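Every value quoted in this text rests on a predicted model; they were computed, and no experiment measured them.
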Amino acid sequence: METIICTTCGVEQINPEREICPICLEERQYVNPTGQTWTKLTEMKASGTYQNVITDDGAGVYAIQTTPAFGIGQTAYLVQGTSYNLLWDCITYLDSITIEQINELGGIHAIALSHPHYYATQVEWAETFDVPIYIHEDDASFVTRPSERITFWSGERLELSDDLILHRVGGHFKGAVICERKDVSAGLLLTGDIIRIVADRAWVSFMYSYPNVIPLPAKTVERMAESLRPLAFEKLYDAFHRKIETGASEVVARSAERYIAALNGDWFTT
């Protein structure tokens, strides 16, 4: 099957005659002002430009990043459970060196995605490692390369294993998902940019669109915070390799309170 990759978002698509990437055309993303351009994974590998760097982030988590950055520039994570390894979110570039390194770390049993901006070459990864892909059914319409490997799950929670659990929290997308890794230094959340760590690592934020700077409504953030309240997590890793190592649950709670107060006009002093 011939596929193409949008160079702006890095998502693979099956229609080689498509003029505009549907992921970028949607209001949460953007079409590059210099014009739509496409590439292919074979072309990326042949260029000799890209490589993936895998970093041990501790707690059984390995960050996978492409250098130089491609598309949105997000980080994928290999998350090692007690008996189950998960690729959390996806990046576009995949080569033989990356495959070998991941297999040396125990391989992966499944891929799970936070939201459509990080679908990347998810089917290529799933076929390479012979694993399923888990996407919440609320975001099914955004899949640009259909595959029998994709499982569209429903509801608010999906247990992949005893210690790896997906939670639909919505917000950035209706089907937006975070991943909970239980019982590692009192718990870990991987949030993509459904919850994004800001420049001041003592805070997080929540947005409908990051590149177009569109906030979420206060009531949505309040609901998201409430859904996270029962979870026990000390650490939080986001899509851009930012980490909160301690007290993450408190950071999320107070950040939600500040966000809601700001939107309601109750926080600013000037």
Side-chain angles (χ1 to χ4, degrees), residues 10 12 41 44-45 50-67 69-70 73-115 118-136 145 147-153 157-167 177-194 231-245 248:
E12 186 178 33
L41 186 56
M44 292 179 69
K45 289 191 283 190
Y50 299 99
Q51 64 175 331
N52 287 336
V53 176
I54 300 180
T55 306
D56 184 351
D57 275 0
V61 177
Y62 293 83
I64 309 171
Q65 298 173 292
T66 300
T67 181
F70 179 79
Q74 73 270 16
T75 304
Y77 292 94
L78 172 64
V79 187
Q80 296 177 325
T82 53
S83 60
Y84 192 99
N85 290 354
L86 177 70
L87 182 69
W88 170 249
D89 277 331
C90 196
I91 54 176
T92 305
Y93 191 64
L94 178 63
D95 62 8
S96 59
I97 295 174
T98 305
I99 296 166
E100 181 179 351
Q101 290 176 324
I102 289 175
N103 283 330
E104 288 174 355
L105 292 169
I108 59 177
H109 297 94
I111 300 169
L113 285 303
S114 63
H115 72 291
Y118 302 155
Y119 288 176
T121 53
Q122 58 180 357
V123 174
E124 189 75 26
W125 284 75
E127 291 180 348
T128 297
F129 290 98
D130 191 23
V131 297
I133 300 168
Y134 292 97
I135 293 173
H136 197 276
R145 181 181 173 183
S147 170
E148 293 182 353
R149 294 186 177 272
I150 299 174
T151 295
F152 295 109
W153 63 280
R157 172 187 171 103
L158 178 66
E159 290 193 18
L160 298 176
S161 67
D162 290 342
D163 54 357
L164 288 169
I165 303 166
L166 304 181
H167 300 272
V177 171
I178 62 171
C179 177
E180 178 188 13
R181 163 78 194 264
K182 301 182 71 172
D183 300 326
V184 176
S185 301
L188 164 69
L189 285 191
L190 298 110
T191 62
D193 59 8
I194 310 310
L231 306 185
F233 58 98
E234 189 72 11
K235 301 176 183 288
L236 189 149
Y237 295 0
D238 79 0
F240 296 94
H241 207 203
R242 291 181 174 179
K243 299 181 284 183
I244 297 172
E245 298 284 4

Validation row: [X], [Y] side chains within 4.5 angstrom (heavy atoms):
X	Y	value
Ile108	Leu78	yes
Arg149	Ile111	no
Met44	Phe70	yes
Ile135	Gln122	yes
Ile97	Asn52	no
Leu166	Trp88	yes
Leu231	Ile165	no
Tyr50	Thr67	no

Rounded to the nearest 0.5 Å, what separates atom [atom1] in [X] from atom [atom2] in [Y]?
X	Y	atom1	atom2	answer
Ile244	Glu234	CD1	CD	10.5 Å
Tyr93	Gln65	OH	CD	15.5 Å
Asp162	Tyr84	CG	OH	12.0 Å
Leu189	Arg181	CG	CZ	12.5 Å
Leu94	Ile102	CG	CD1	7.0 Å
His167	Leu158	NE2	CG	10.0 Å

[X] and [Y]: which non-hydrogen atoms are nearest, and at how many Å?
X	Y	value
Ser147	Val123	CB-CG2, 3.7 Å
Cys179	Leu164	SG-CD2, 4.2 Å
Leu236	Phe233	CD1-CE1, 4.3 Å
Asn85	Leu105	ND2-O, 3.6 Å
Gly192	Ser114	CA-OG, 4.1 Å

Residues forming a salt bridge (charged side-chain N to carboxylate O under 4.0 Å, His left out) with Glu245, sequence neighbours excluded
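With neighbours one apart ignored, the set is Lys235, Lys243.
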
Just to verify, what does Glu159 make a salt bridge (charged side-chain N to carboxylate O under 4.0 Å, His left out) with, not counting sequence neighbours?
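Per chain and number, Glu159 pairs via salt bridge (charged side-chain N to carboxylate O under 4.0 Å, His left out) with Arg157.
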
Ring pair (Phe, Tyr, Trp, His ring centres under 6.0 Å) involving [X] - partner list, sequence neighbours excluded:
X	result
His136	Trp153
Tyr119	none
Phe152	none
Phe129	none

Does the distance from a Lys or Arg side-chain N to an Asp or Glu carboxylate O, for Lys45 and Glu124, drop under 4.0 Å?
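No, no charged N to carboxylate O under 4.0 Å.
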
Set of side chain to side chain donor-acceptor pair (under 3.5 Å) partners for [X], sequence neighbours left out:
X	result
Thr128	none
Glu100	none
Thr121	Trp125
Thr92	none

Could you go through residues 53-60 and list every donor-acceptor pair under 3.5 Å that involves a side-chain atom there, pairing it with any protein atom two or more places apart or in another chain?
from	atom 1	to	atom 2	distance (Å)
Asp56	OD1	Gly58	N	2.9
Asp57	OD1	His241	NE2	3.1
Asp57	OD2	His241	NE2	2.8

Using a 3.5 Å distance criterion without hydrogens, assess whether the side chain of Thr191 forms a donor-acceptor pair with backbone atoms of Ile194.
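Pair absent, no side-chain N/O of Thr191 close to backbone of Ile194.
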
Using modelled atom types only, decide if a donor and an acceptor are shared between the side chain of Tyr77 and the backbone of Asp238 within a distance under 3.5 Å.
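Yes: the side chain of Tyr77 pairs with the backbone of Asp238.
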
side-chain hydrogen bond (donor to acceptor under 3.5 Å, both in side chains) partner of Tyr118, the single match among Thr75, Asp89, Asp193:
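The option that passes is Asp193.
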
So for atom CG, which belongs to Asn103, do other residues, nucleotides or ligands contribute more than 12 heavy atoms lying within a distance under 6.0 Å?
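Yes, the 6.0 Å shell around CG holds more than 12 heavy atoms from other groups.
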
Qualifying residues under side chain to side chain contact (heavy atoms under 4.5 Å, CB included), relative to Thr151, sequence neighbours excluded
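Side chain to side chain contact (heavy atoms under 4.5 Å, CB included) list for Thr151, sorted by chain: Tyr134.
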
